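Down below is the structure, laid out as structure tokens.
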Amino acid sequence: MKKRQVVYKRGGDHHNSSNSPNSSYAVRVVRYAECQKNHAANVGGYAVDGCREFMPCGEEGSGGALTCAACGCHRNFHRREVEGEVAACDGSSSPTSSTNM
């Protein structure tokens, strides 16, 4: 299963935050779990396809990166899970890739 890391920048001066020694980063690991698309919505029913995890069709940045290889649905139909958050406080270096699970 492919996990994604999302980096949010917090704190510091918004105009000059790249040079601020107080700037901090929050790294969140995001994964996409089971598909929740209702395939029977047009007939008034409820049926899901049973896809248990999102697997991208292509490499990140390509058109297929947002389509699931298992079920063919867009990534937005899969339940989003934010697994952890690691805060790194350093204005001069990039955030670490370690996660707190």
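Because the structure is a prediction, the values reported are computed rather than measured.
- Here the closest heavy-atom approach between residue E53 and residue C68 is recorded as O-SG, 3.9 Å.
- Going from atom CZ of R52 over to atom CD of E34 covers 5.5 Å, rounded to the nearest 0.5 Å.
- V43 belongs to no hydrophobic cluster, as no Ile, Leu, Val, Met, Phe, Trp or Tyr side chain comes under 4.5 Å of its own.
- Take N76 and apply the side chain to side chain contact (heavy atoms under 4.5 Å, CB included) test, not counting sequence neighbours, and it matches H74.
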Is there a side chain to side chain contact (heavy atoms under 4.5 Å, CB included) between H39 and D49? Walk through the geometry before answering.
CA-CA 7 Å; H39 293 277; D49 58 14; 3.3 Å; yes

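- A 4.5 Å side-chain heavy-atom check between V30 and E81 finds every atom pair outside the cut-off.
- The shortest non-hydrogen separation linking P56 to A65 is CB-O, 3.6 Å.
- Remark: aromatic rings of F54 and H78 are close, center separation under 6.0 Å.
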